[in-house]
Amino acid sequence: MSLNTDVLIIGSGIAGLFAALKISEYADVILITKKNTAESNTNYAQGGIAAVIDKNDSFEKHIKDTLIAGAGLCNIQAVESIVKEAPERINDLIEIGTQFTRKNNAFDLAKEGGHSMSRILHAKDLTGKEIERALIKAVSEKDNIRIMENSLAIDLITEHHIKTNKEKSDNLNCWGAYVFDCLKNEVYKIVSKATVLATGGLGQVYLHTTNPIIATGDGFAMAYRAGAVMTNMEFIQFHPTSLYTPKDFKEFESKSFLISEAVRGFGGLLRTKDGQLFMHKYDDRKELAPRDIVARAIDNELKKNGDDFVYLDITHKNSDEIIEHFPNIYSTCLKIGIDITKEFIPVVPAAHYACGGVAVDLNGKTSLNRLFAAGEVTMTGLHGANRLASNSLLEALVYAHRVGVSIKDLFQSDDTTILPQIPEWDDSGALSADEKILISHSINEVKQTMWDYVGIVRSDLRLERAEKRMKNLNEETDKLYKKTKVFPKLLELRNLITCSELIIKSAQMRKESRGLHYTIDYPSLALNDLVKNTIIKNDNS
Ligand code: FAD
Ligand code: SIN
């Protein structure tokens, strides 16, 4: 099967859906998504979305907080422009029906780590679900947006796939993607004049993560294979507080349940297993220090005391207010027998967010022609070496809008585009049941390796070990891939390995500790002339 469209969007989180809405104003869109439409990191976002709304707040303060968290690596133009565009884009969300929580006729603005002001708009502790609901409704009302669920993008189509028309690798175009139909078990192609990558994060690279199972880093890997420039992949954010659950607790499929930073913003205190407060030993901002500091402090306490978790304590606050603010966290903890109004919550850090990604300019253009990107898969320069809480939904929203504008400009300047002839996918090969089991083992090996050697605290030795293991896994998987009919787990394994390699390689390039990248071999900041982004490009593309 082959489909043609003006714009192919890959991903149905906030970035993909909002871009679809904007682009539908002037072009036809096919939006593919690998599970059902709502399944995305966006859908699980709790704390909210940051913006300057309060009259006592200012753009300058939000910019300053973002730059401090970013530890010298933010792109100042990106930071300033995103922060200043935030109120307008939030208004777009409100206009399509997003209901943010209000109190006394004003937005109930919450506070989170690293923010000097209360500036987080939220929908109780289910902000992502509410944004996703409103966006899906708005998109479903557009006749020229076709949503295709259970459709997993395998690879971006570039000149490499057009055998008669190989171009120099520094002038590649993206002409859509090969897609796996997860219901029919077959591959087809979608050919487009422009493509938007909005595939979200890669948390599933790690054993413990807050990210749902869709977050296997497909977009990062596809972009890298296609030859796009990748930046700052070493900066993986570990959220300090995911719920520690007993090993036999199967409720949350392959992911850890998040206990929102807003709980600390509300007054939550961190305590060791024997009840002692400890954050004052690490930072003057205590529980509300930026995430890298809090996660490292917890990691240190766990190692020092030989404990499996620390506690988050909110029991000193009013019970009704806790339940009112955090209904989802309250009811989820109750399922494992913890009443958070009376008992401490056991928490551990978990991989949460990729600050690096596909390099995009201020307009959402990648280094490949006709390929645009928005959301967690990108590196815009907003987060630098560490993302400020609740800045990622904002970044995705602003860049989805900008991508909409950029593609409109492209179409206006070049309305004669003829889509090239793209060959069909080579679907030969087979796979035995035994080999399928090996794939599950390999996925577990990737996750365990990354958790053990490329986590919150790194070293040259650990990175070298991870590099060697990933090389083996890569070779084994590549062999299988070449002789096999593709299927989702194999495709995801391949992408997990590529993402892991990109993270390891970038981490090895950074000979200093900065923001989220902490290594015992280079425990301080490097001299100023070393303060730069790590850049990786696939030379074989
Ligand atoms: P996503 O929302 O992850 O969407 C990606 C989409 O791409 C999905 O639909 C997925 O199925 C699809 N996809 C992926 N690969 C393929 C493929 N190969 N083919 C087809 N489709 C594909 N940020 C904040 O700012 N505030 C918060 O309060 C907050 N809370 C969070 C809580 C949790 C538990 C998590 C996990 C993250 C949180 N974040 C928060 C981060 C934020 O939610 C994400 O960074 C953001 O939602 C990413 O949006 P996105 O549109 O880029 O990607
Ligand atoms: C949270 O609610 O703690 C997550 C916020 C974020 O990731 O920005």
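Each ligand, and each atom within it, is numbered from 1 in the order the structure gives. The chain is numbered in sequence order, starting from 1.
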Test of proximity, Gly47 against ligand 1: N or O pairs below 3.5 Å: yes
Glu301 (side chain) donor-acceptor with Val310 (main chain) under 3.5 angstrom: no
Ring centroid separation Phe266 to His325 under 6.0 Å: yes
Region of Asp218 engaging ligand 1 - heavy atom pairs below 4.0 Å: side chain
Cation-pi geometry met for Lys255 and Tyr44 (6.0 Å, 45°): yes
Ligand 1-proximal atoms of Leu258, by part, heavy-atom distance under 4.0 Å: side chain
Numbered atoms of ligand 1 (with element) below 4.0 Å of Ser12, judged on heavy atoms: 6 (C), 7 (O), 8 (C), 9 (O)
Short N or O distance, Lys34 and ligand 1, threshold 3.5 Å exclusive: yes
Min heavy-atom dist Ala50 to ligand 1 below 4.0 Å: no
Atom indices of ligand 1, in the order listed, that fall short of 4.0 Å to a heavy atom of Gly375: 52 (O)
Presence of salt bridge, Asp299 and Arg296, under 4.0 angstrom: no
Neighbouring residues of ligand 2, heavy-atom cut-off under 4.0 Å: Gln46, Gly47, His239, Leu258, Ser260, Glu261, Arg291, His352, Arg387, Ala389, Ser390
Carboxylate-amine/guanidinium contact Glu261 Arg264, below 4.0 Å: yes
Closest contact, heavy atoms only, Ile145 versus Ala20: CD1-O, 3.5 Å
Residue portion contacting ligand 1 (non-hydrogen atoms closer than 4.0 Å) for Gln46: backbone
Charged N-O contact under 4.0 Å between Arg494 and Asp155: yes
Residue portion contacting ligand 1 (non-hydrogen atoms closer than 4.0 Å) for Arg387: side chain
Atom 27 (C) of ligand 1: the protein heavy-atom neighbour that sits closest, reported with distance to 0.1 Å: Gly48 O, 3.5 Å
Ser151 and ligand 1 - part of the residue with a heavy-atom distance under 4.0 Å: backbone
Where ligand 1 meets Thr210 - atom numbers and elements under 4.0 angstrom, heavy-atom basis: 34 (C), 36 (C)
salt_bridge(Glu324, Lys124) N-O dist < 4.0 Å: yes
Residue portion contacting ligand 1 (non-hydrogen atoms closer than 4.0 Å) for Ile10: side chain
Between Glu424 and Tyr178, a side-chain donor and acceptor under 3.5 Å: no
Candidate pair Glu492 and Lys34, rule salt bridge (charged side-chain N to carboxylate O under 4.0 Å, His left out), full reasoning: CA-CA 11 Å; Glu492 290 179 342; Lys34 74 190 209 188; 2.9 Å; yes
By side-chain hydrogen bond (donor to acceptor under 3.5 Å, both in side chains) - contacts of Glu130 (at least two apart): Arg133
Arg402 side chain to Leu362 backbone, donor-acceptor under 3.5 Å: yes
Check: Ser116 main-chain N/O paired with Lys61 side-chain donor or acceptor under 3.5 Å: no
Which segment of Glu39 sits under 4.0 Å of ligand 1 when only heavy atoms are counted: backbone
